[in-house]
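Every chain is numbered from 1 and lettered A, B, ... according to where its sequence line falls, protein lines coming before strand lines.
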Protein chains: 2
Amino acid sequence: MANIKEIARQAGVSVSTVSRVLNNHPYVSEEKRNRVMDTIKQLKYARNMNAVHLITGRTMNIAIMLPFVNHVYFSALMEGVGKGALSASYRLILCQTGYSQDKEREALDMLRNREVDGIVVLSSSISPSEIEAYCAYGPIVCCQDAGERQFSSVYINHTEAFRKAIRYLIRKGHRHIGFTVGRMDSPSTEARLIAYREMLEELGEPYRKEWILDRCLDIEDGAAIMERLFVMKERPSALLVTGDHVAAGLIYEAERRGVSIPEELAVIGFDNHPIGRMLGLTTIDNQLLQMGEMAFAILHEHIEGTQTAPVRHELDFELIERASV
Amino acid sequence: MANIKEIARQAGVSVSTVSRVLNNHPYVSEEKRNRVMDTIKQLKYARNMNAVHLITGRTMNIAIMLPFVNHVYFSALMEGVGKGALSASYRLILCQTGYSQDKEREALDMLRNREVDGIVVLSSSISPSEIEAYCAYGPIVCCQDAGERQFSSVYINHTEAFRKAIRYLIRKGHRHIGFTVGRMDSPSTEARLIAYREMLEELGEPYRKEWILDRCLDIEDGAAIMERLFVMKERPSALLVTGDHVAAGLIYEAERRGVSIPEELAVIGFDNHPIGRMLGLTTIDNQLLQMGEMAFAILHEHIEGTQTAPVRHELDFELIERASV
DNA sequence: TTGTAGGCGTTATCAC
DNA sequence: GTGATAACGCCTACAA
């Protein structure tokens, strides 16, 4: 494999001239530039980017840390990050963790090891303070609200969003409201619980543990909810479902069993995914695409040095009224 | 940022010894090893992997080229590739192309530039022969049948799979069969058309261009199919739908409009996605997860040098009978 | 406008 | 076991 030295020799110029041509520097005579380009083509020369990375200290790679690839929520976020990265000529290195803390640390280590210029954390199970320790090695942007930190974050206010959904249900006459979560110990679940307890107090309703349906992640989990509802002594009249896919499963199964929506069970989704639009699902648009794009945009500013202080960016959300409430 | 030289100085050893410790080489005395490890911890030393990549000529990165991230078909494949990569400690670099040929070439260029040790092509729009030109720079594995090539491929026989689905429909009494495709000019569409024309001839049915429904990629495209069917003078009694999500949209919309499935319209899907299981969709399991895993496995063998000749691996498929036919 | 030379941070080689 | 020293391939002062 030819290297820059070889090109220089064959073209009868110095390595610096070749390097200048390679990097589109000015101050190279047309004649030499052409001569260099010709031999590059002739010898099918290709730069060894690892050498470039070493000397420049930049890789144009950023890491994207997420638990699963095969999930609509993360796909949508990834799409957004990817869009931003693409237009800025950055590459995405996938760090699929499955919420393994070791894998998460490995991902962060890429920053220490100079393998990436920055990292976007879509979701993690290690603590924000542990993430914070990596800020010394390069910019980090999280897609979750982590409070005041040395790293940036882009997020929606889950408490507010949940509150809005709850108020909407109450306005529609509901008092018996349950909700689903992906996992009980996630930050967004915590944020939602705040709004939920607030509502219970306001309505004077008791906290019914069984109305908080854990481990609802995909469409089949949604379908399984109906079964769980049927065995309850007392059933909620409305359900806040954190994920349009989960809601889709629920709606499908409800129709199959002859439970009419919204009359017998009202449903509000989250994510505003196409599947929900098709089903007439009332949902909260949490701007996943924009969140991903924004995450990259901020990271990019940090990398470029345009922005050095950590940024906290709260995105808007929107209640989209359709026919499931 | 401390480097290996600094560690050597502070620990009172040579850089070679530090390097040996770093790489778990034998022939280092316990005493020096500990001394080195201590100073590494003390100075919070982290290797600059770019230097390692440069000298070793390997990056432990592989590129994964695909048009879209946010699509179930590619998510599933990606999950498979990622699984394999994870267990072999390889990283995935996402190359989202949107079927732009320039972007596809850029992805392949990563191989030339030594940024990756290999590349998995999930789907591309440039020709197999153009891909073949990159074989000189490193191993490539395609998830489509590209015929006899210098690169490896993992695929299912789409003609056979389609034939099987068609035979099944015929056995169930159908003669008027249409099908959907993602894009008209894809290799898999071509493969399917072979089986399709074969069937038409066998049944003595004419080729009806309108029964081949183009641009069906996601759930909403599926829902839109009903509208397209209604305006036809003559309607197919069965539809082969290339993607369970598309089929899901179709089924949902059919039910909404009171078209009973399978009585008035029989549907066979592809992919065996959870959504299809929920809907009772008869489908063909095309082993996406296994395909991804296999693609990585073969690539890995090429990288390791265990396998130098190109491999063509045809995966099995399976017709899963449920209730939509 | 061009070339020389030094350095980026490792690992590999070889001598001791 | 250990340590010099030469690569790896490129970029970039600095000098000319």
Side-chain angles (χ1 to χ4, degrees), chain A residues 1-40 43-61 109-117 137-138, chain B residues 1-40 43-61 109-117 137-138:
Chain A
M1 295 265 148
N3 59 18
I4 205 177
K5 220 165 160 182
E6 180 73 10
I7 301 294
R9 207 179 54 73
Q10 297 235 9
V13 297
S14 71
V15 288
S16 15
T17 300
V18 179
S19 176
R20 288 190 189 99
V21 173
L22 250 26
N23 295 291
N24 293 314
H25 280 230
Y27 305 127
V28 180
S29 67
E30 266 317 294
E31 186 233 331
K32 295 212 172 180
R33 184 183 297 275
N34 289 332
R35 226 158 67 211
V36 169
M37 300 232 278
D38 283 352
T39 47
I40 282 178
L43 271 66
K44 299 191 181 180
Y45 167 75
R47 248 194 304 208
N48 184 326
M49 293 309 287
N50 296 312
V52 178
H53 296 163
L54 174 58
I55 193 116
T56 61
R58 283 160 127 261
T59 62
M60 299 302 280
N61 286 151
D109 275 332
M110 298 191 77
L111 206 53
R112 293 181 68 203
N113 298 333
R114 275 69 140 222
E115 293 187 89
V116 294
D117 298 343
Y137 307 113
Chain B
M1 294 265 147
N3 59 20
I4 203 175
K5 223 165 159 180
E6 180 71 11
I7 301 295
R9 207 179 54 73
Q10 297 236 9
V13 298
S14 72
V15 288
S16 346
T17 300
V18 178
S19 178
R20 285 192 189 99
V21 172
L22 251 25
N23 295 289
N24 293 314
H25 280 234
Y27 305 128
V28 181
S29 66
E30 266 316 295
E31 186 232 329
K32 297 212 172 181
R33 183 182 299 274
N34 289 332
R35 225 155 70 211
V36 168
M37 301 233 278
D38 283 351
T39 48
I40 282 178
L43 272 66
K44 297 189 183 187
Y45 166 75
R47 250 197 301 212
N48 184 326
M49 292 309 287
N50 296 312
V52 177
H53 296 162
L54 174 58
I55 190 96
T56 61
R58 285 161 128 258
T59 63
M60 298 304 278
N61 286 151
D109 274 333
M110 298 191 78
L111 208 52
R112 292 181 67 203
N113 298 333
R114 272 68 139 225
E115 293 187 89
V116 295
D117 298 343
Y137 307 111

*Five pairs at each end of the helix from C/dT1-D/dA16 to C/dC16-D/dG1: take the axis at both ends and give me the angle between them to 10°.*
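Comparing the first five pairs with the last five, the axes sit 30° apart.
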According to a strict under-4.0 Å criterion, is [X] in side-chain N/O contact with OP1 or OP2 of [N]?
X: A/Ser14; N: C/dT2; result: no
X: B/Asn50; N: C/dT10; result: no
X: A/Arg47; N: D/dC11; result: yes
X: A/Asn23; N: D/dC11; result: yes
X: A/Asn48; N: D/dG9; result: no
X: B/Ser29; N: D/dT2; result: yes
X: B/Lys32; N: D/dG3; result: yes

Considering only side-chain heavy atoms of [X], which listed nucleotide, [options], is closest?
X: B/Tyr27; options: D/dT12, D/dG1, D/dC11; answer: D/dG1
X: B/Val28; options: D/dC11, D/dT2, C/dG9; answer: D/dT2
X: A/Arg20; options: D/dC14, C/dT13, D/dC11; answer: D/dC14
X: A/Leu54; options: C/dT11, D/dT12, C/dG9; answer: C/dG9

Without decimals, in angstroms, what is the distance between [X] [atom1] and [N] [atom2]?
X: B/Glu30; N: D/dT2; atom1: CD; atom2: P; result: 10 Å
X: A/Arg35; N: C/dT1; atom1: CZ; atom2: P; result: 15 Å
X: B/Asn3; N: C/dC8; atom1: CG; atom2: C1'; result: 9 Å
X: A/Ile4; N: C/dG3; atom1: CD1; atom2: C1'; result: 13 Å
X: A/Asn24; N: D/dC11; atom1: CG; atom2: P; result: 11 Å
X: B/Lys5; N: D/dA4; atom1: NZ; atom2: P; result: 12 Å
X: B/His25; N: C/dT13; atom1: NE2; atom2: P; result: 11 Å
X: B/Ile7; N: C/dT10; atom1: CD1; atom2: C1'; result: 13 Å

Please check: side-chain N/O of [X] versus main-chain N/O of [Y], any donor-acceptor pairing under 3.5 Å?
X: A/Asn3; Y: A/Glu6; answer: yes
X: A/Thr59; Y: A/His53; answer: no
X: B/Asn48; Y: A/Arg114; answer: no
X: B/Asn50; Y: A/Asn50; answer: no

*Compute whether any side-chain donor of one residue and acceptor of the other, for A/Ser16 and A/Ser19, lie under 3.5 angstrom apart.*
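No pair is found: no donor N or O on one side chain lies under 3.5 Å from an acceptor on the other.
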*Between A/Tyr45 and A/Ile4, is any pair of side-chain heavy atoms under 4.5 Å apart?*
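Counting from C-beta outward, A/Tyr45 and A/Ile4 do come under 4.5 Å.
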*Has the side chain of B/Ser16 got a donor or acceptor that lies under 3.5 Å from a partner of the other kind on the base of D/dA4?*
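Result: at least one qualifying N/O pair found.
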*Give B/Ala46 one of three labels, base, sugar-phosphate or nothing, depending on what nucleic acid heavy atoms sit under 4.0 Å from its own.*
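It contacts sugar-phosphate atoms only.
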*Which part of the nucleic acid, if any, lies within reach of A/Ser19 when heavy atoms closer than 4.0 Å are counted: base, sugar-phosphate only, or nothing?*
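Base, at least one base heavy atom under 4.0 Å.
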*For A/Arg47, all residues meeting side chain to side chain donor-acceptor pair (under 3.5 Å), sequence neighbours excluded*: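 Result, side chain to side chain donor-acceptor pair (under 3.5 Å) vs A/Arg47: A/Asn23.
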*Can you sort out the partners of A/Glu31 under side chain to side chain donor-acceptor pair (under 3.5 Å), two or more places apart, ordered by chain and number?*
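Side chain to side chain donor-acceptor pair (under 3.5 Å) list for A/Glu31, sorted by chain: A/Arg35.
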*Using the closest heavy atom to pick a nucleotide of DNA chain D for each, name whichever of B/Ile55 or B/Val13 lands nearer the 5' end.*
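Its nucleotide being nearer the 5' end, the pick is B/Val13.
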